[in-house]
Amino acid sequence: MTALLSSAAASRTSRAWGIARRLGWWMQPHVSSAARDRRDVAILLVAVLIAMTPHFGHLPWWSSALIGLLWVWRAWRTITRRPPLGRIAMVPLLVTATVLVWMQHGSIVGHEAGVNLLLLLIALKLLELRTRRDLNLVVFLAFFAQITVFLYDQSLLIGVLSTLTTLLLFFVLASINLAETDLAAGRKARIVLQIFATSLPLAVALFVLFPRLQMPLFAFGSSGESSGTGLSDLMSPGSINRLIKSDAVALRARFDGPVPAADRLYWRGPVFDNFDGQNWFKRNALSPNFVDLSQGQVQFDRASAMDYTVTMEPTQRNWVLALELTPFIDSTEFHSRLSDDLQQLAVDATMHSRVRYQVRSYASFRVGPFSKDTDMSQWLQLPQGANPKTLQFARDLRNQIIDPSDPDPHSRDAALINAVLNHFRRGNYHYTLEPPRLLERDSIDEFLFETRLGFCEHYASAFVVLMRALEIPARVVTGYQGGEINPVDGNLTVRQSDAHAWAEAWLPGRGWIRVDPTSVVSPLRIELGEAELANQYGLSRFGRPGTLLGWVGSLRMNWEAIENAWNQAVLTYSAERQRSLFSGLGVLPTWRNMSIVFAATISLLIVGLALFTLRHRETRDPLADLVRQLRANISSAGLSSPPNEGLTDLKCRLTARLDPTQTQEAAALLQELQDARYQRRPAPRGAPDLRSLRARVRRFRPVLIA
């Protein structure tokens, strides 16, 4: 047993020694140019991989696979010390890559095709690295590749990866441009970090003071295939429940006061009035009508005001998400107006980037028109001949509640709404995240009388169809409901999984009222939110609090708080915020004044950095400094020690004059200084030895005898 334990310990020791030896090979200076090149190529491969990885999310699958294969091939050839490919072998690979890009994009020009071709060419160039010129070329191509990733994503993670890539690439540049004498890895890392630290003030000044444009310098249009928020301008069965598994952020809100209750967190999005039997859409989406608040169609209780700041992710639409009801939005980046269906829309603007705006909403409000004579035919449309069972059910329900002799046929509309909600409550309906597929023509009939299984859009759609069949104006509203409070920064985070659909019905004298049939079938959806409901269905997000890996959820919250701070401080730093900064500094924010301040600041920084970096630096020998300090201590005690006197002669004179209790200490100290300066050593003296020796010299105070 003892032998086995000894063998295991010896094996672990041998393995640790092998790892230390390999690590030491990477860290130590190399005399062999082949060893230096192999190490530089390996570090360059790591840097190129970090620069390319963020692109894999938008590249075609075949391109990502080919780049990964070429990278692995080059890494294998580096590890096995095989020579690079010949130039003749590279020609068919180059032609194949170019043809594939042409077939994919129809061109090799443009930002999509250009980025794809650039990354493929970098991967091919790795296979033929021969000279330092090739290494320099790949380094600068990698710099360009990491810049192009900001065309697609500017998140904090991308910023961190870009910084790491830059440091690694500068490390490679420093290594391949050294003279014949190599430096230790730690020394080169310090040089790179010093360059990085020196450049930070200039980078910050450029970011803060460079006059910002209203539009990006390089703006590429969206394909328009999908909305950045996940919502669409078309609602069909299954269009919202597909978002339940998405953890992407739709918006973040920070309330000036306490966060409202969950039943008030309805973030209003697109409103639909037309129904074709399967899909809901907006009739006048391209030319919306805006409400005139001065005509009294919107009434709100000022005591119910809620003030908050929203940071909304790109939607590629002109929607502006906010709580009900939001008459006005204050933003320096766009101008919005309230449409007649209570949706805030940006006028002549599309949300291609993250925006921040101030909002005041009202929890208690009434929305008109209120008159019985108002034309509401727009909100009564139903497809001809569709869902006959639903129409018959509505007629039967109306005959049960409405008295034919009643002179006002709409006096019992509220009772009809309650009757439909009671039908959902008592009709054995179930809320499910995976509803069955419905028919295209009579989808409401199939849902109401056969499956009775649905998500929020099924219940909202069926409710509005029943209302219209009962001659009650109604419409479908989509958006988000609820949110998750981040305990780190106190922001409310609304995700794609919080997407929701509800209904609004119109009553004479009361106007539009919100009716959420989902709250009748599944109250937990409104009270606890979609995330908790998904948890009950076994679809909880990874690392939610209270689970076995709850600490992962805590890390996620901290990371999201940091990312939100990055978004607020960096990504939403607009031209308006820059002008506000100059105004706060007492400078009139005109283009002329801003340019003068920018030029003056940059000039001063460049001059200061030049003086700092170009100043004469004297190379000091730490051991010589210790000898000078020891001579000064001895001279202050009364024994002169000229600089030309050797340490051996000084030791003889000093020990003859010292107090006997200090003789041995002085002899040992002088001998160690002499050995450190003049004796040949297999390796330079390390920092701990120098610190120990410096402390001994500082403590030594000679006491001479007469």
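For the pair Pro54 and Val149, the tightest heavy-atom approach, listed with the atom from each and the gap, is CB-CG2, 3.4 Å. Residues Gln344 and Thr326 share a closest heavy-atom pair of NE2-O, 2.7 Å. For the pair Gln146 and Ser162, the tightest heavy-atom approach, listed with the atom from each and the gap, is OE1-O, 3.1 Å. Minimum interatomic distance between Leu605 and Pro201 (heavy atoms only, all atoms of both residues): CD1-O, 3.7 Å. Of all non-hydrogen atoms in Leu127 and Leu70, the two that sit nearest each other are CD1-CD2, 3.7 Å.
The shortest side-chain heavy-atom distance between Val494 and Leu321 does not fall under the 4.5 Å cut-off. Looking only at side-chain heavy atoms (C-beta outward), Ile485 and Thr493 stay at 4.5 Å or farther from each other. Contact of the Val320 side chain with the Met351 side chain is registered, since non-hydrogen atoms from C-beta on lie closer than 4.5 Å. In this structure, the side chains of Tyr308 and Val259 stay at 4.5 Å or more apart for every pair of heavy atoms. A 4.5 Å side-chain heavy-atom check between Leu571 and Trp566 finds at least one atom pair inside the cut-off. Counting heavy atoms from C-beta outward, Phe255 and Asp307 have side chains that stay 4.5 Å or more apart. Taking the side chain as every heavy atom from C-beta outward, Phe170 and Leu167 never approach each other to under 4.5 Å. Side chains of Thr478 and Pro270 form a contact here, defined as non-hydrogen atoms less than 4.5 Å apart.
Between the side chain of Asp330 and the backbone N or O of Gln358, no donor-acceptor pair lies under 3.5 Å. Remark: side-chain polar atoms of Arg252 are not paired, donor with acceptor, to backbone N or O of Asn491 under 3.5 angstrom. Distance alone, capped at 3.5 Å, places no donor-acceptor pair between the Thr601 side chain and the Phe598 backbone. Without hydrogens or angle criteria, Thr350 side chain to His352 main chain gives no donor-acceptor distance under 3.5 Å. In this structure a side-chain-to-backbone donor-acceptor pair under 3.5 Å is missing from Ser175 to Phe171. In terms of modelled atom types and a separation under 3.5 Å, the side chain of Arg132 and the main chain of Ile176 share a donor-acceptor contact. A distance-only check finds no donor-acceptor pair linking the side chain of Ser497 to the backbone of Asp247 [under 3.5 Å]. Side-chain atoms of Trp102 do not come within 3.5 Å of backbone N or O of Ala113 as any donor-acceptor pair.
Atom CG in Asn116 sits 9.0 Å away from atom NE2 in His58 (nearest 0.5 Å). To the nearest 0.5 angstrom, Ile50 atom CD1 is 11.5 Å from Leu45 atom CG.
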> Yes or no on side chain to side chain contact (heavy atoms under 4.5 Å, CB included) for Glu112 and Tyr152, after CA distance, side-chain angles and deciding distance?
Replying inline: CA-CA 10 Å; Glu112 293 285 353; Tyr152 305 92; 3.6 Å; yes
> Which is it for Tyr573 and Val208 under the side chain to side chain contact (heavy atoms under 4.5 Å, CB included) test, yes or no, and what are the steps along the way?
Replying inline: CA-CA 8 Å; Tyr573 184 67; Val208 174; 3.7 Å; yes
> Going through the checks in order, is the side chain to side chain contact (heavy atoms under 4.5 Å, CB included) test met by Ile602 and Phe210?
Replying inline: CA-CA 10 Å; Ile602 296 301; Phe210 188 85; over 6 Å; no
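Side-chain contact check for Arg74 and Thr78: at least one donor-acceptor pair (N or O, by modelled atom type) lies under 3.5 Å. If you check the side chains of His55 and Ser63, you find no donor sitting under 3.5 Å from an acceptor. In this structure, a donor-acceptor pair under 3.5 Å is absent between the side chains of Thr332 and Arg577.
Within 6.0 Å of atom CH2 in Trp61, 12 or fewer heavy atoms from other residues, nucleotides or ligands are found, so the atom counts as exposed in its surroundings. Within a 6.0 Å radius of CZ in Phe144, no more than 12 heavy atoms belonging to other residues, nucleotides or ligands are found.
Salt bridge present: Asp134 and Lys125 bring a charged side-chain N and a carboxylate O closer than 4.0 Å.
Tyr357 and Phe328 have their aromatic ring centers separated by at least 6.0 angstrom.
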